[in-house]
Amino acid sequence: MTTHSPRIVDLSETQPNTRRGGDLRAMLTPTAVGATTGFMGLAIVQPGERIGEHYHPYSEEFVYVVSGRLEVDLDGVTHPMRPDQGLLIPLNMRHRFRNVGDVEARMVFHLGPLAPRPELGHVDTETTDHPARTVAHGSPPERSGAVS
């Protein structure tokens, strides 16, 4: 039985999360649409930026590169990624992404299943120095669980 009606979420409705580097937008989340098995979002990574290394103890992560050139480190091994390529990152695999091109990169991500509590969904293994960004709507990013 469906408990929520279908809802279209526009990117402009989401808050940037720059804590791990890049601009991570959790779009289809338990909070936003009533998702119960996972969540989906978009990573926007500027040239030279990276998303810091982390892993997910409860979720697999599916990624799809929409635009730009990225490198992904999977347990320390570097792999190039380009538009129209997808990747499944297994549970507990350390990973980080870098934009190695000269244009903005966009990558769709989906994680599932959900962690028992949002704060358990993500384990950071490094800190990420990144330029300060302005939050578009002037409020802190929503915490909706593991993001990328």
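Worth knowing before you read on, the calculation uses all heavy atoms, side chains too, and leaves out hydrogens, waters and symmetry mates.
Counting heavy-atom neighbours within 6.0 Å of Asp10 CG, excluding the residue itself, gives a total above 12.
Scored by the side-chain contact (heavy atoms from CB on, under 4.5 Å) test, Pro80 finds no partners at all (sequence neighbours excluded). Partners of Asp75 under the salt bridge (charged side-chain N to carboxylate O under 4.0 Å, His left out) rule, at least two apart in sequence or in another chain, do not exist in this structure. Looking at residues two or more places apart in sequence or on another chain, you find no side-chain contact (heavy atoms from CB on, under 4.5 Å) involving Val103. For Thr78, the side chain to side chain donor-acceptor pair (under 3.5 Å) partners are Asp73, not counting sequence neighbours. Every side chain to side chain donor-acceptor pair (under 3.5 Å) that Glu126 has, sequence neighbours left out, goes to Arg50, Arg96. With sequence neighbours excluded, the residues satisfying side-chain contact (heavy atoms from CB on, under 4.5 Å) with Tyr58 are Ala115, Pro116, Leu120. Val33 meets the side-chain contact (heavy atoms from CB on, under 4.5 Å) test with Arg7, Val9, Leu28, Ala35; sequence neighbours excluded. Partners of Arg106 according to the salt bridge (charged side-chain N to carboxylate O under 4.0 Å, His left out) rule, which considers only residues two or more places apart in sequence or in another chain, are Glu104.
In this structure, CG in Leu11 is found 6.0 Å from CG in Leu42, a value given to the nearest 0.5 Å. Summarising the geometry, atom OG1 belonging to Thr127 is positioned 11.5 Å from atom CD belonging to Glu53; distances are rounded to the nearest 0.5 Å. In this structure, CG on Asp23 lies 9.5 Å from CD1 on Ile51, to the nearest 0.5 angstrom. One distance of note links OG1 of Thr29 with CG of Leu111; it measures 12.5 Å at 0.5 Å rounding. For the atom pair Ile44 CD1 and Arg25 CZ, the distance stands at 5.0 Å (nearest 0.5 Å). Interatomic distance, CG of Leu74 versus CD of Glu71, reported as 11.5 Å (0.5 Å rounding).
Not a single donor-acceptor pair under 3.5 Å links the side chain of His110 to the backbone N or O of Met40. Between the side chain of Ser59 and the backbone N or O of Pro113 there is at least one donor-acceptor pair closer than 3.5 Å.
Closest heavy-atom contact between Ala32 and Met27: CB-O, 3.5 Å. Listed here is the closest heavy atom pair of Tyr55 and His95: CA-CE1, 4.0 Å. Annotation for Glu61 and Phe109: closest pair OE2-CB, 3.5 Å, computed over non-hydrogen atoms. Pairing each heavy atom of Pro47 with each of Gly101, the nearest pair is CB-O, 3.5 Å. Leu70 approaches Met107 most closely through the heavy-atom pair CD1-SD, 4.0 Å. Nearest heavy atom pair, residue Glu49 against residue Val45, reads O-CG1, 3.5 Å.
By the rule that hydrophobic residues join a cluster once side-chain heavy atoms approach within less than 4.5 Å of another member, Val63 and Leu91 end up as members of separate clusters.
Other members of the cluster containing Val100 do not exist, because no ILVMFWY side chain is joined to it at under 4.5 Å.
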Please set out all donor-acceptor pairs under 3.5 angstrom arising from side-chain atoms of residues 81-89, sequence neighbours excluded.
from, atom 1, to, atom 2, distance (Å)
Asp84, OD1, Tyr64, OH, 2.7
Gln85, OE1, Arg82, N, 2.9

